[in-house]
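The structure appears right after this line, and notes come after that.
As the structure is a computational prediction, the values presented were derived from the model and not from experiment. Naming: A, B, ... by sequence-line order, numbering from 1 per chain.
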Amino acid sequence: MRPGNPEALSQPYDPRRIEPERYAFWEQLGVFQPRPDLAAQPKGTGSKAPFVIAIPPPNVTGSLTMGHALGESVRDCIIRWQRMEGRETLYIPGMDHAGIATQNVVEKKLKSEKKTRHQLGRDGFLKAAWEWKEQYGGLIFQQERRLGITPDWKRERFTLDEGYSRAVLHVFKALHDEGLVYRGRYIVNWCPRCRTALSDEEVDMVETDGHLWHIRYPLKDGSGGVTVATTRPETMLGDTGVAVNPKDARYAKLVGSMAVLPLVRREIRIVADDMVDPKFGTGAVKITPAHDANDFQTGRRHNLPEIVVMDEGGVMNDAAGDFRGLDRFVARERIVAALQDAGYLEKVEPHRHAIGHCSRCNTIIEPYLSWQWFVKMAPLAAPAIEAAKKGRVKMFPARWKKVYLNWLENIRDWCISRQLWWGHRIPVWYRGDEQVVSLDPPPGEGWRQDEDVLDTWFSSWLWPFATLGWPEKTPDLDRYYPNSLMVTGSDIIFFWVARMIMAGYHFMGEAPFAHVYFTSIVRDAQGRKMSKSLGNSPDPLAMMEKYGADSVRFCMVQTPTGQDLLFDEKRLENGKFFANKLWNATKLVTMRLGDEDLSTVKESSLRLSLADRWILSRLANAAKDVTRNLKTYRFAEATQAIYHFAWNEYCDWYLEMAKPRWALAEQAPGEAGSGVLTPEQRDDLRTARWVSWRVLDGILRLLHPFMPFVTEELWQAIPHDGETLALASWPKAKKSWFDAEAEREVGFLQGVVVAVRNLRVESKIAPGKPVPVVVRGGQAQLDLLDRLASQVKPLARIEHLQLSRDGARPPVAASAVVQGAEIFLPLDGLVDLDEERARLAREAQKLLADLEGVKKKLRNQDFLRKAKPEIVQKENERLGQLEETLDKLKRAQQSLSAVRE
RNA sequence: GGGCGAUUAGCUCAGCUGGUAGAGCACUUGCUCGACAAGCAAGGGGUCACUGGUUCAAGUCCAGUAUCGCCCACCA
């Protein structure tokens with residue numbers, strides 16, 4: 001047992017003073033490293049299997065947001081809890097190279113130096129990017145230390161590290177060898193600003209007001225024309241056909257004939273295709289196979305030429321004839337004008353539709369025909385679907401399972417090539433007609449490597465096992481895969497969660513984690529997304545400065561799960577106030593503990609008083625509640641349980657009741673009251689000290705995963721066993737501590753105290769003035785009050801407590817009824833009798849309404865017959881209580897009305 | 001067009017298996033009594049969005065409606 005250090009609490013609570021020091025303290029002790037000695041049993045068996053969480057790797061360019069703070073609070077809370085439960089824990093940190101985001105940042109920096117990446121060339125650019133990474137990357141981890149999270153920093157991984165990169169390339173080759181990776185010329189989502197292809201998930205669809213232009217295409221034979229409707233007139237330059245529905249009678253005779261494309265004068269064929277909806281627009285669709293995914297399919301079905309009319313920057317190319325060199329939107333205006341001048345434009349309608357935007361830079365996406373690499377997803381999705389259906393991967397909250405399944409069941413192939421430089425370069429080599437997939441350059445001369453890199457998510461989806469050394473068969477991989485839990489935002493359920501599960505099954509044969517917990521998405525108080533441009537994103541570091549990391553953690557962790565959180569800075573006050581309360585309570589307790597080594601005190605040697613039995617019972621309940629709620633990720637309930645117990649039960653009641661007992665020590669300073677105190681008093685003092693210490697210790701343990709800094713600080717200040725609270729054991733709900741009788745009895749005492757306090761206030765008695773109180777009640781109730789009189793009296797400032805079985809009621813008094821016992825506050829000449837009468841009348845009226853409700857229920861035969869017996873009995877008891885209370889109130893009213901003023 | 005979620009005190013939200021509506025903040029009144037004014041004590045405040053249904057009993061289960069929000073979707 002180590003003695004406490006009460007002096008540590010002499011200054012007021014200030015998180016800024018204690019938090020940074022504590023982090024260094026934990027790091028020094030090495031509490032973040034996994035302790036294999038704890039995991040006696042092999043993985044996957046029993047509760048002692050290692051508990052593993054991998055961090056969702058933040059972008060190397062990232063800095064800490066409230067969203068990160070929320071995720072980290074949850075992850076670290078669970079990790080710390082599991083560590084205290086005695087499990088070996090591993091929290092894996094790392095960063096994502098974030099292809100497009102990082103390349104954008106580095107290019108911007110180059111621009112400020114009046115350079116472009118093309119001037120530097122590929123190698124020069126990559127060198128600059130790595131330099132940037134070394135200099136600025138990973139800032140977020142410095143910030144996250146401030147939060148008190150406990151990853152094993154020695155295991156930090158980066159998705160572009162040598163080993164990790166091998167894993168990524170290995171996966172590409174493996175999937176290619178299986179026929180699941182293929183190269184093809186298809187329509188992809190193209191961002192003309194980033195000049196790269198994107199996956200479907202990287203495109204945000206935005207409802208936008210646009211136009212539907214109706215354009216007449218004359219027939220070649222001069223016999224009229226066909227009118228098509230389009231939202232993107234500029235693509236007409238690439239039209240190679242017109243499609244109509246085969247069942248559409250209006251156009252039946254045109255099928256097979258040729259139309260002449262206006263402005264371009266190209267002859268294009270009119271074809272019949274089911275994809276056309278006769279009811280939309282004109283029922284005739286212009287076909288631009290190189291600039292529309294639908295048209296591409298249609299074009300292939302009818303062997304129409306594919307003409308690309310823009311370059312990679314969205315500028316019209318040579319195929320655009322007179323419009324070459326124009327930006328696609330300028331070209332749109334010019335083309336519309338030209339069509340109008342030539343009399344081809346029949347109509348323009350307003351039209352609302354969804355337009356794709358680059359999720360990185362918000363540029364409008366251009367469907368673009370190009371050579372890309374794809375992953376065939378359906379075979380990978382199958383086990384991931386089954387895993388969720390069979391519950392092998394559980395999601396919290398469960399409703400996300402549906403979203404997940406819906407996506408997987410309609411999954412489309414994944415475009416994984418990106419026209420960037422920062423990333424894993426595709427391991428494919430070309431020489432003439434030869435094509436080789438190989439991690440290293442093939443032997444021989446003249447090989448040229450594919451220019452493209454892989455989608456960032458093509459590396460992140462390997463995170464749960466690539467961080468552990470895969471594809472090597474490392475001991476870590478054997479020990480720590482599968483992970484236990486994934487905590488992330490629901491916004492990346494497709495990008496990342498679903499893909500990790502697919503990769504887990506495909507490469508490791510089992511799910512990467514058993515549970516997925518989805519946190520809230522943090523929004524501002526008006527419900528807007530946090531964004532840099534709006535400036536509505538609070539800086540977590542500033543929040544920690546102001547309220548403390550403990551408060552940020554405590555308040556963020558208890559946000560609603562998996563739905564939007566409207567963040568309001570004001571909520572953070574709560575945690576700080578709570579920490580402050582505990583600080584002061586601990587200060588009080590440390591001042592009263594005396595010199596005895598409490599760890600040597602045997603609980604069985606103590607005679608626990610009612611208050612002791614009560615608070616121990618409540619502690620057992622709190623331990624049970626916190627643990628149960630942590631198990632199901634119900635953080636709001638878990639924090640509520642410990643908060644309420646610590647503040648409203650331990651501080652508000654137990655400590656107040658302990659004060660008179662501690663005061664015994666002051667009657668006999670020095671030798672723990674020897675000689676002056678009776679043996680019973682000495683025992684009581686020891687008991688009060690032991691229980692208040694023991695319960696405080698329990699509170700600090702239960703709260704530690706949520707507020708690690710202040711709990712550690714306070715734990716060090718009281719007598720404690722072990723070096724750090726972070727490695728102390730998690731409190732168990734001791735069976736022998738549950739004590740329903742003590743809870744009932746203290747409930748009565750609390751009722752009496754509250755009633756007296758209320759009578760005082762209602763009677764406008766000065767707060768400090770001691771008052772006499774008379775209680776009439778059952779023998780058991782009176783005995784209870786008698787036994788705890790010395791503790792109850794100060795709580796309500798009772799000067800003299802008179803207990804009587806059925807003695808006379810004081811003639812002039814304010815009164816109340818608590819569990820059938822009558823409480824009188826004699827008030828000769830002090831009280832406003834009219835007010836007291838009115839108060840009693842109000843009280844009686846309330847009771848009468850309740851009574852009516854209960855009576856009605858008990859008259860109902862169906863209720864008596866069908867409700868569970870214990871419910872009926874409860875109602876009967878309630879009826880008795882209400883009638884008794886009402887009766888006593890009536891008598892109080894009578895006795896008051898008999899009094900003349 | 002499909003799916004999901006929300007709607008409970010002035011605000012932000014809890015209410016898990018149906019059985020007398022809760023918390024924090026805000027509000028009212030009163031408190032420098034040696035842990036704490038970041039506090040203490042006592043209070044006020046809700047026909048649980050609406051309509052039907054199931055049930056002895058519904059904030060809680062079912063159906064529908066309304067409003068708001070999110071996600072998915074190849075009507076050009």
If you compare every side-chain N and O of [X] against the phosphate oxygens of [N] (OP1, OP2), does one of them come in below 4.0 Å?
X: A/Arg628; N: B/rC16; result: no
X: A/Arg865; N: B/rC56; result: no
X: A/Lys402; N: B/rC4; result: yes
X: A/Lys866; N: B/rC56; result: yes

Task: Minimum-distance nucleotide to A/Asn580 side chain [options: B/rA35, B/rA38, B/rC4] - done: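 Of the options given, the side chain of A/Asn580 lies nearest B/rA38.
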Open item on the list: Heavy atoms from C-beta onward define the side chain here; which of B/rA41, B/rA38, B/rG39 lies closest to that of A/Arg757?
Closed with: B/rA41
Using a strict 4.0 Å threshold on nitrogen-to-oxygen distance, state whether [X] and [Y] make a salt bridge.
X: A/Arg300; Y: A/Glu306; result: yes
X: A/Glu573; Y: A/Arg571; result: no
X: A/Arg628; Y: A/Asp625; result: yes
X: A/Arg553; Y: A/Asp550; result: no
X: A/Glu875; Y: A/Lys855; result: no

By the 4.0 Å heavy-atom rule, please label [X] as base, sugar-phosphate, or nothing.
X: A/Val228; answer: nothing
X: A/Lys570; answer: sugar-phosphate
X: A/Ala636; answer: nothing
X: A/Asp652; answer: sugar-phosphate
X: A/Arg760; answer: nothing
X: A/Glu637; answer: sugar-phosphate
X: A/Glu656; answer: base

- [ ] Taking atom P in both B/rC16 and B/rU7, compute the distance separating them and give it to the nearest angstrom.
- [x] 12 Å
TODO: Please measure how far the C1' atom in B/rU28 lies from the corresponding atom in B/rG10, and state the result in whole Å.
DONE: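 After rounding to an integer number of Å, I get 14 Å for this pair.
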Open item on the list: List the residues meeting side chain to side chain contact (heavy atoms under 4.5 Å, CB included) with A/Lys874, not counting sequence neighbours, and say none if there are none.
Closed with: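 Not a single residue meets the side chain to side chain contact (heavy atoms under 4.5 Å, CB included) criterion with A/Lys874.
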TODO: Go through the structure and list residues passing side chain to side chain contact (heavy atoms under 4.5 Å, CB included) with A/Glu7, not counting sequence neighbours.
DONE: A/Asn5
Test of understanding: with ring-ring contact (aromatic ring centres under 6.0 Å, His included), list the residues that count as partners of [X], not counting sequence neighbours.
X: A/Phe706; result: none
X: A/Phe635; result: A/Tyr517
X: A/Trp414; result: A/Phe458, A/Trp461
X: A/His211; result: A/Trp213

TODO: Mind running a 4.0 Å heavy-atom check of residues 640-650 of chain A against RNA chain B and sending the residues that fall below it, in number order?
DONE: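 Going residue by residue through residues 640-650 of chain A, the ones with a heavy atom under 4.0 Å of RNA chain B turn out to be A/Gln640, A/Tyr643, A/Trp647.
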Open item on the list: Let's see if you get this right: which residues in residues 850-860 of chain A place a heavy atom under 4.0 Å from RNA chain B?
Closed with: A/Asn860
TODO: Would you please indicate if the ring centroids of A/Tyr643 and A/Phe578 are separated by under 6.0 Å?
DONE: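 Yes, they do, as the ring centres are separated by less than 6.0 Å.
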Open item on the list: Protein within reach of the bases, or only the backbone? For nucleotides 66-76 of chain B, mark each nucleotide 5' to 3' as B, S or -, using heavy atoms under 4.0 Å.
Closed with: ----S-SSBBB
Task: Donor-acceptor pair present, A/Arg878 side chain and B/rU20 base, under 3.5 Å - done: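 Indeed, a donor on one side and an acceptor on the other fall under 3.5 Å apart.
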- [ ] Could you provide the dot-bracket string of RNA chain B, using ( ) for intrastrand pairs, [ ] for crossing pairs and | for bases paired to another strand, with Watson-Crick or G-U pairs below 3.5 Å?
- [x] (((((((..((((.....[..)))).(((((.......))))).....(((((..]....))))))))))))....
Are any protein N/O atoms closer than 3.5 Å to N/O atoms in nucleotides 29-34 of chain B? If there are, list each pair with its distance.
residue	atom	partner	partner atom	Å
B/rC33	O2	A/Arg797	NH2	3.4

Open item on the list: Filter on salt bridge (charged side-chain N to carboxylate O under 4.0 Å, His left out), then keep only pairs touching residues 228-238 of chain A, sequence neighbours left out; what's left?
Closed with: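 Applying salt bridge (charged side-chain N to carboxylate O under 4.0 Å, His left out) to every pair that reaches into residues 228-238 of chain A, excluding sequence neighbours, yields A/Arg232-A/Asp292, A/Arg232-A/Glu366, A/Glu234-A/Arg332.
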